[in-house]
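Since the structure comes first, as structure tokens, the remarks are kept for the end.
Within every chain, numbering begins at 1; the chains are lettered A, B, ... in the order of the sequence lines, protein sequences first and strands thereafter.
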Protein chains: 2
Amino acid sequence: MPNSSRDIPRSPCVIGNCLDIIGDRWTLLVVRDLLFFGKHEYKEFLASPESIATNILADRLKRLSEAGIIKEQLHPENRSRKLYYLTNQGKALLSILIEMIKWGEKFLPEVEMMKPLFKRIKTNPDLFKKEILNKLDQWEVSYLNE
Amino acid sequence: MPNSSRDIPRSPCVIGNCLDIIGDRWTLLVVRDLLFFGKHEYKEFLASPESIATNILADRLKRLSEAGIIKEQLHPENRSRKLYYLTNQGKALLSILIEMIKWGEKFLPEVEMMKPLFKRIKTNPDLFKKEILNKLDQWEVSYLNE
DNA sequence: TAAGATACTTGCATTTTGCAAGTACTGCTA
DNA sequence: TAGCAGTACTTGCAAAATGCAAGTATCTTA
């Protein structure tokens with residue numbers, strides 16, 4: 001993932017600039033974990049089945065912060081742990097991920113992990129989004145200092 | 001874009017496998033050109049403002065073919081030219097790109113290229129999709145042998 | 001039949017990735 | 001309070017991917 005310095009956009013196209021931020025094999029997996037699986041800590045991202053390397057994870061968390069997609073805070077009960085959470089900009093990636101799930105479920109070989117979520121998306125996409133966002137709100141109330 | 005060999009999926013998650021195909025800075029720009037800008041030839045992709053390198057473009061066209069997203073055919077009037085076109089699987093990426101455009105227009109610095117398209121998306125997204133797909137159909141009728 | 005167009009391939013320096021190991025800070029435990 | 005474990009990283013290095021310039025192969029056109 002070269003040149004994702006947001007200094008000067010390489011492209012006169014939103015898609016190009018969007019890809020400079022999320023156009024790689026790892027970034028959206030972290031966002032997935034934050035959105036769908038209630039993960040908020042470094043070690044939790046590491047535990048995902050794709051087994052991201054520690055240096056890549058650190059790099060992506062940094063880039064996501066710089067891009068305004070996530071923020072971080074120390075764990076309120078343990079200062080040796082960090083909590084990562086999505087900004088509104090990050091939460092807005094939900095729509096992109098949903099479309100990727102729909103595309104993948106239709107055209108890619110079957111895999112299990114997202115099946116339950118996919119069912120909820122098919123049944124009632126708006127409700128699904130609302131539930132995902134509500135869950136994040138609840139988490140924030142419990143864990144974030146204001 | 002490492003390991004986009006579709007032999008064995010690295011991930012039990014559709015999003016992971018989806019990213020193995022479209023998770024890089026170039027692939028979706030080619031799809032964008034095919035979907036939105038009526039481009040169908042190697043030299044046309046090269047002419048896009050992001051100035052993709054020739055070896056990368058050749059590689060991405062190959063991968064897109066292998067993934068079943070595009071197909072190719074010789075130009076009916078000139079056998080030294082090739083035409084690339086989207087399969088149904090490729091056309092289905094439209095929904096993902098639309099969400100990326102919406103996200104980018106909301107959170108990224110202003111750029112010009114997609115402004116007109118974005119207006120049409122905002123006005124009537126379903127109509128927009130239909131028009132994009134119709135245009136591709138028309139092109140296929142004119143240029144593709146069956 | 002030579003020149004130009006088109007679609008690539010090759011070589012090489014630079015950048016990014018992937019893996020293993022090491023470090024720094026916090027909290028717990030004896 | 002010394003030592004060990006947990007958490008979040010950083011570092012070093014080999015391998016892979018990228019970016020750039022140059023070269024090649026196959027048409028087509030003059």
request  = Report yes if at least one side-chain N or O of B/Arg60 is closer than 4.0 Å to OP1 or OP2 of D/dT18; otherwise report no.
outcome  = yes
inquiry  = With a cut-off of less than 4.0 Å, is there a side-chain N or O of A/Arg25 near OP1 or OP2 of C/dG18?
reply    =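 So the side-chain polar atoms of A/Arg25 do come within 4.0 Å of the phosphate oxygens OP1 or OP2 of C/dG18, strictly under.
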ask   = Should the heavy atoms of other residues, nucleotides or ligands under 6.0 Å from NZ of A/Lys71 be counted, would the total exceed 12?
value =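 At most 12 heavy atoms, drawn from other residues, nucleotides or ligands, come within 6.0 Å of this atom.
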Output the rounded distance in Å from [atom1] ([X]) to [atom2] ([N]).
X	N	atom1	atom2	result
A/His75	C/dG27	NE2	C1'	13 Å
B/Arg79	D/dT26	CZ	P	12 Å
B/Trp26	D/dA17	CH2	C1'	13 Å
B/Lys62	C/dT9	NZ	C1'	12 Å
A/Ile56	D/dT11	CD1	P	15 Å
B/Leu57	D/dT18	CG	P	13 Å
B/Asn78	C/dT6	CG	P	8 Å
A/Arg81	C/dA24	CZ	C1'	18 Å

ask   = Should the pair A/Lys122-A/Glu105 be classified as a salt bridge under the 4.0 Å nitrogen-to-oxygen rule?
value = no
task = With heavy atoms under 4.0 Å as the rule, sort A/Asn55 into base, sugar-phosphate or nothing.
result =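 A/Asn55: base contact, heavy atoms under 4.0 Å.
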request  = Mind listing the residues from residues 29-54 of chain B sitting with a heavy atom below 4.0 Å of DNA chain D? Number order is fine.
outcome  = B/Thr54
Side chain proximity check, [X] to [Y], heavy atoms < 4.5 angstrom:
X	Y	result
A/Arg32	B/Cys13	yes
A/Thr54	A/Phe45	no
B/Glu140	B/Asp137	yes

request  = Before giving the answer on salt bridge (charged side-chain N to carboxylate O under 4.0 Å, His left out), spell out for A/Glu99 and A/Lys102 the whole-Å C-alpha distance, their side-chain angles and the decisive distance to 0.1 Å.
outcome  = CA-CA 5 Å; A/Glu99 292 307 323; A/Lys102 281 156 65 175; 3.2 Å; yes
request  = Would you confirm whether B/Gln73, through its side chain, and B/Asn145, through its main-chain N or O, come within 3.5 Å as a donor-acceptor pair?
outcome  = yes
